[in-house]
Amino acid sequence: MVLLMGMLSLTFNWRRNHLGHFLATRRMALRPAMITLAHLSDVHLAPLPPVRARDLMNKRVTGFLNWKIKREHTMAGDGLTKLVRHMREQNPDFTVVTGDLVNLALDAEINTAYNWLETVGPPEQVCISPGNHDAYIKGQLQKAMDRWDGYVMGETVDDHPFPFVRRVGDVAIVSCNSAVPTAPWIAAGRFEDDQAARLARCLKLLGDGGYFRVVLIHHPPNQEQAHPRLGLYGAKAFRRVVAEHGAELVLHGHTHQSSIYAIPGPRGDVPVVGVAAAGAAQGDAGGHDPARYNLFSIQRLGTAWQCTLREFGFQRLSTDIVLRLSLRIY
């Protein structure tokens, strides 16, 4: 593993020199007996800040109408605050957020999202895989990444920002990016061949190093989720990389539903777990699952892994946060 640390480049982007970044410290190289990993997604921070008429002279006009007609009611209330407080009480070692922190990618939303991230945890304990709403119109994803800074960076294999790697003990989190600006009414993602090649290098190096590899991507890579308006273009390339180089777990958001699938790996199926929208309302969430988060307990047992998933969240007929599911994955 020491050799591996030299093979993954400590390359930090966006014109900043982070050679003294936390990933280089000894604390991140420690190997605790068990790692707990929390997963949130689709935060859709509410309420919207004031929207000017000139802000709507693009795709945002359709998103604004969608917000007013539907999402303003299903993303309202203090459910997100309660959910994050409950999650923090579990003392996770690391938290991942698979995108859609904002709604229209307004500058004010991007700043609010940074303030919200600070309530989740410091950058050394939290990272992001961006969602399509974070890249709602051209140029805004770069603004978000500049503002969110340490939450969207880590070790990389070259000068490209994605995938980046965060390592916590025996667990390696590999954050990919499927977020691209799209036309109105389109929420699809894209995973290009060049990112696939970099992901392959990451998974190969980390696999050789014996890590439990958790891959993050906003859009689900499953064949069942293929959809020209909502799906992931390049999902076949993503699945091909995992089939060749392996991974232990894939986490995504986007669907606003709790789900468990699998995609082929070199030594068996790789679990693919989606989580309901963290910003969804308590109780009735407009046809989607109420707000939830997942907590994974990961431990090495000799040459094998033990991983348990626990899902916490609201019930449709209650405002209490409860343990909804406990499932042994490995």
Side-chain angles (χ1 to χ4, degrees), residues 4-29 35 37-41 43 92-102 105 107 109-135 139-169 171-180 189 191-192 194-203 205-206 209 211 213-218 251-253:
L4 175 65
M5 293 185 73
M7 296 174 71
L8 275 171
S9 169
L10 281 175
T11 302
F12 299 97
N13 298 278
W14 304 288
R15 303 172 300 281
R16 293 178 175 86
N17 185 351
H18 283 268
L19 294 180
H21 197 272
F22 55 83
L23 284 179
T25 67
R26 185 168 178 242
R27 183 169 66 85
M28 294 299 290
I35 294 295
L37 177 69
H39 176 207
L40 295 165
S41 194
V43 180
D93 295 294
F94 201 86
T95 301
V96 299
V97 185
T98 50
D100 281 1
L101 278 70
V102 300
D107 291 352
E109 285 187 288
I110 290 171
N111 188 64
T112 298
Y114 178 82
N115 296 334
W116 175 80
L117 283 166
E118 290 187 309
T119 72
V120 178
E124 56 264 38
Q125 295 176 3
V126 181
C127 77
I128 299 169
S129 173
N132 52 289
H133 280 264
D134 306 320
Q140 291 305 102
L141 180 58
Q142 186 61 58
K143 284 187 178 181
M145 293 171 74
D146 287 341
R147 181 69 180 101
W148 301 341
D149 194 29
Y151 291 102
V152 280
M153 56 175 59
E155 296 172 284
T156 61
V157 294
D158 57 23
D159 289 338
H160 290 87
F162 292 99
F164 67 79
V165 177
R166 297 288 195 89
R167 288 181 280 176
V168 187
V171 176
I173 297 125
V174 186
S175 179
C176 298
N177 177 33
S178 61
V180 291
F191 185 78
E192 302 283 4
D194 58 344
Q195 188 175 180
R198 295 192 297 274
L199 176 60
R201 292 175 63 189
C202 288
L203 293 179
L205 289 169
L206 294 166
Y211 285 91
R213 297 159 296 176
V214 181
V215 183
L216 312 180
I217 190 164
H218 178 69
L251 304 181
H252 71 83

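Not measured: the values here are computed from a predicted model.
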Notebook entry, point to check: Quick one: which of Cys176, Ser175, Ser129 gives a side chain to side chain contact (heavy atoms under 4.5 Å, CB included) with Phe162?
Noted result: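 Exactly one option meets the side chain to side chain contact (heavy atoms under 4.5 Å, CB included) with Phe162, and it is Ser175.
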
Any side-chain heavy-atom pair from [X] and [Y] closer than 4.5 angstrom?
{"X": "Val157", "Y": "Cys202", "result": "yes"}
{"X": "Ile217", "Y": "Thr98", "result": "no"}
{"X": "His160", "Y": "Gln195", "result": "no"}
{"X": "Leu199", "Y": "Phe191", "result": "yes"}
{"X": "Leu216", "Y": "Val174", "result": "no"}
{"X": "Asp134", "Y": "Ile110", "result": "no"}
{"X": "Gln125", "Y": "Val168", "result": "no"}
{"X": "Ile173", "Y": "Val96", "result": "yes"}

Next item on the list: Given side chain to side chain contact (heavy atoms under 4.5 Å, CB included), test Val180 with Leu141 step by step and report yes or no.
Entry: CA-CA 8 Å; Val180 291; Leu141 180 58; over 6 Å; no

Over all atoms of both residues, closest heavy-atom pair of [X] and [Y]:
{"X": "Tyr151", "Y": "Tyr114", "value": "CE1-CE1, 3.8 Å"}
{"X": "Trp116", "Y": "Leu40", "value": "CH2-CD1, 4.2 Å"}
{"X": "Thr156", "Y": "Pro163", "value": "CG2-O, 3.8 Å"}
{"X": "Val102", "Y": "His133", "value": "O-CB, 3.3 Å"}
{"X": "His218", "Y": "Pro130", "value": "CB-O, 3.3 Å"}
{"X": "Cys127", "Y": "Phe164", "value": "CB-CE1, 4.0 Å"}

Tell me if a side-chain donor or acceptor on [X] pairs with a main-chain N or O of [Y] at a distance below 3.5 Å.
{"X": "Asp100", "Y": "Asn132", "answer": "yes"}
{"X": "Gln140", "Y": "Ala105", "answer": "yes"}
{"X": "Arg213", "Y": "Leu203", "answer": "yes"}

Checklist line | N-O pairing of Glu155 and Arg166 below 4.0 Å | finding: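 Answer for the salt bridge query: no.
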
To the nearest 0.5 Å, how far apart are [atom1] in [X] and [atom2] in [Y]?
{"X": "Thr112", "Y": "Leu117", "atom1": "OG1", "atom2": "CG", "value": "11.0 Å"}
{"X": "Arg198", "Y": "Glu192", "atom1": "CZ", "atom2": "CD", "value": "10.0 Å"}
{"X": "Phe94", "Y": "Ile35", "atom1": "CZ", "atom2": "CD1", "value": "10.5 Å"}

Notebook entry, point to check: Side chains of His252 and Ser41: do they bring a donor and an acceptor to under 3.5 Å?
Noted result: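 Note: His252 and Ser41 side chains miss the donor-acceptor criterion.
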
Next item on the list: Decide side chain to side chain contact (heavy atoms under 4.5 Å, CB included) for Val171 and Tyr211; before the verdict, give the C-alpha distance in whole Å, the side-chain angles of both, and the deciding distance to 0.1 Å.
Entry: CA-CA 6 Å; Val171 176; Tyr211 285 91; over 6 Å; no

Next item on the list: Tell me, with the steps shown, if Val214 and Leu37 meet side chain to side chain contact (heavy atoms under 4.5 Å, CB included).
Entry: CA-CA 10 Å; Val214 181; Leu37 177 69; 4.0 Å; yes

Next item on the list: Evaluate side chain to side chain contact (heavy atoms under 4.5 Å, CB included) for Asn115 paired with Thr119, printing each intermediate quantity in order.
Entry: CA-CA 7 Å; Asn115 296 334; Thr119 72; over 6 Å; no

